[in-house]
Participant: 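First the structure, then my questions, so here it is.
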There are 2 protein chains.
Amino acid sequence: MVVAAAEEVVRREGVDALTMRRVARELGSSTMALYRHVRDRDELLVLLLDRAAAELPRPPLPREPRRRLLVLFKFLYDGLVRSPWVVPVLVKGDLMAPSVLWLMEEIVAAFVAAGMTPEQAAEAYLTVWRFTVGELVISQATANQTATLDCRPRQLALLSSVDPDELPTLAALADYWPKARARKSYRTRVAAILDGLLAST
Amino acid sequence: MVVAAAEEVVRREGVDALTMRRVARELGSSTMALYRHVRDRDELLVLLLDRAAAELPRPPLPREPRRRLLVLFKFLYDGLVRSPWVVPVLVKGDLMAPSVLWLMEEIVAAFVAAGMTPEQAAEAYLTVWRFTVGELVISQATANQTATLDCRPRQLALLSSVDPDELPTLAALADYWPKARARKSYRTRVAAILDGLLAST
DNA sequence: ACCTGAACACCGTTCAAGT
DNA sequence: ACCTGAACACCGTTCAAGT
């Protein structure tokens, strides 16, 4: 019931509204009653993720390891894009929702199928996982930024007005950055990274 | 004076102690006086980073683009590892400290020197930057974790006790994960990623 | 121009006490 | 076992008022 109530709060009012007090109010109980059922707020977030992950249908997997890896990582990324607020919690606790352990298994196994030793495969997984975390953190940050309409330019964000003599390459790209930032290109990027990792075996 | 006081607080008591109230106390002024000189706490963090970055000596750069990129990214990573708490702020505001714009310039230029178009180079920079953010976020999280000695195992962190029938590859790696996590391997990983990016040109 | 102090509107979590 | 209400110990930031 605690998790269901929390889900409802997040669905209706977003994750920022997910305070212990708010969930308690949703249930009509006291705040402290929640701590009987959940260790702390972070655990509640992970339980939320686990439930969401369990509901996702597994994608069909191509045979060929490289294409299989692409599908698996895209699935992981897409799943987390829906709840990027949980990423810091996962990272902090080095956690993985139990309902997606199969995904991790498939990824490591695919690296092995591509010719890696299990250790190399684990290392490759960690590399792409780190990239994915970066991508998620940044995508959520830019989403929040446009959401709050924080358009008054911070004076330190000076990429578009750069001295062409001192920094010619950046100056030439001045109007490219906004475009590049807007583009969603996890797939392309992860493909390039996979190439590098697979080539090293 | 505000930045200097903030620096002193961080140096002596860590970034968690960096509250507006604490900095004000350090200066013997009122909390609100700070807001005359600094927009908000985030701006103070970025000013702190900028000052720290300006003090780092520039590394000697190899001629060959790939090796040059390695040195540049390692420099970027090492600089930020010293103050990883600023990473979320950078990401949130899409900021870059002015004193490290030269670094960004050098990186993009090196990708161009390796045969990329400026747009491809910018895209490659963004890819590695995202990986770097992930690496920094994770490294800080594990540092915090060992610092607070949060050793009571969260029940959802179950990588070491995995069913070998269902998840054979993960089970075989059970005792490898702690080792892998402890290893510092930004350089190796970024090298593999660079290979992938450079190969795609 | 710069500073002050009170106040706003919250947090997560502890703790002792209840049923 | 489970729940409660008060309290702790804070935050960043606003606002009106001062010099």
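So that the names make sense, note that chain A is the first sequence line, chain B the second, and so on, each numbered from 1.
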Participant: dA7(D) P sits how many Å from M20(A) CE, rounded?
Facilitator: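 Spelled out: CE on M20(A) to P on dA7(D) is 21 Å.
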Participant: Looking at residues 1-18 of chain A, who's got a heavy atom less than 4.0 Å off DNA chain D?
Facilitator: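 Within this stretch, nothing sits under 4.0 Å of the strand.
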Participant: Taking 4.0 Å as the cut-off, does a side-chain nitrogen or oxygen of T19(A) come that near to OP1 or OP2 on dC11(C)?
Facilitator: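 So the side-chain polar atoms of T19(A) do come within 4.0 Å of the phosphate oxygens OP1 or OP2 of dC11(C), strictly under.
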Participant: With the threshold set at 4.0 Å, does a side-chain nitrogen-carboxylate oxygen contact exist between R51(B) and E55(B)?
Facilitator: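 E55(B) and R51(B): not salt-bridged.
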Participant: Hunt down any stem DNA chain D takes part in, defined as 3 or more consecutive Watson-Crick or G-U pairs whose two distances are each under 3.5 Å.
Facilitator: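 Correct response: C:4-8 with D:12-16, C:12-16 with D:4-8.
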Participant: dA1(D) phosphate, OP1 or OP2: any side-chain N/O from H37(A) under 4.0 angstrom?
Facilitator: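 Indeed not, no polar side-chain atom of H37(A) lies that close.
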Participant: For the side chain of R41(B), counting heavy atoms from C-beta on, which of dG5(C), dG5(D), dG12(D) is nearest?
Facilitator: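 Of dG5(C), dG5(D), dG12(D), dG12(D) is nearest to the side chain of R41(B).
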Participant: Is the side chain of E26(B) donor-acceptor paired with the backbone N or O of A6(B) at a distance under 3.5 Å, no angle test?
Facilitator: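 Judged by distance alone, no pair lies under 3.5 Å.
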Participant: For the pair R130(B) (side chain) and F131(A) (backbone), establish whether a donor and an acceptor sit closer than 3.5 Å, ignoring hydrogens and angles.
Facilitator: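 Not confirmed, R130(B) side chain does not pair with F131(A) backbone.
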Participant: Would you say the side chain of V81(A) lies within less than 4.5 Å of the side chain of Y186(A), judging by non-hydrogen atoms?
Facilitator: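 They are not in contact (no side-chain heavy atoms under 4.5 Å apart), so the answer is no.
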Participant: Do K179(B) and E119(A) sit within salt-bridge range, that is, some charged N less than 4.0 Å from a carboxylate O?
Facilitator: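 Answer for the salt bridge query: no.
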Participant: Is any side-chain N or O of R36(A) closer than 4.0 Å to OP1 or OP2 of dC3(D)?
Facilitator: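 For R36(A), the contact criterion (side-chain N or O under 4.0 Å from OP1 or OP2 of dC3(D)) is not met.
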Participant: Could you tell me the separation between the CZ atom of R21(B) and the P atom of dA7(C), rounded to a whole number of Å?
Facilitator: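 So the CZ-P distance, R21(B) to dA7(C), works out to 13 Å.
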Participant: For the side chain of T31(A) and the backbone of R21(A), is there at least one donor-acceptor N/O pair under 3.5 Å apart?
Facilitator: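 Flag not set: sc T31(A) to bb R21(A) has no pair under 3.5 Å.
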Participant: Can you tell whether the side chains of R11(B) and E7(B) come within less than 4.0 Å, N to carboxylate O?
Facilitator: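 No, no charged N to carboxylate O under 4.0 Å.
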Participant: Do the non-hydrogen side-chain atoms of V86(A) and L48(A) ever get within less than 4.5 Å of each other?
Facilitator: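 V86(A) does not reach L48(A) side chain to side chain.
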Participant: For L45(A) and dG12(C), give me the distance from atom CG to atom P, rounded to whole Å.
Facilitator: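 Computing the L45(A):CG to dG12(C):P distance gives 10 Å.
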Participant: Identify which nucleotide among dA7(C), dG12(C), dG5(C) has an atom closest to any side-chain atom of Y35(A), counting heavy atoms from C-beta outward.
Facilitator: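 The nucleotide sitting nearest to the side chain is dG12(C).
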Participant: Which nucleotide sits closest to the side chain of M32(A): dC3(D), dT13(C), dT14(C)?
Facilitator: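 Between dC3(D), dT13(C), dT14(C), the one nearest the side chain of M32(A) would be dT14(C).
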Participant: Could you tell me the separation between the CG atom of D40(A) and the C1' atom of dT14(C), rounded to a whole number of Å?
Facilitator: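 Going from CG in D40(A) over to C1' in dT14(C) covers 14 Å.
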Participant: Can you tell me the distance, in whole Å, between the CG atom of L27(A) and the P atom of dT4(D)?
Facilitator: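 Nearest whole value for this atom pair: 10 Å.
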Participant: Can the ring centroids of F111(A) and W129(A) be said to lie less than 6.0 angstrom from one another?
Facilitator: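 No, the ring centres sit 6.0 Å or more apart.
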Participant: Taking the P atom in each of dA9(C) and dA9(D), what is the distance between them to the nearest angstrom?
Facilitator: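 The answer is 24 Å between these two P atoms.
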Participant: Once you round it to whole Å, what is the distance between C1' of dT14(D) and CZ of R39(B)?
Facilitator: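 After rounding, the reported distance stands at 16 Å.
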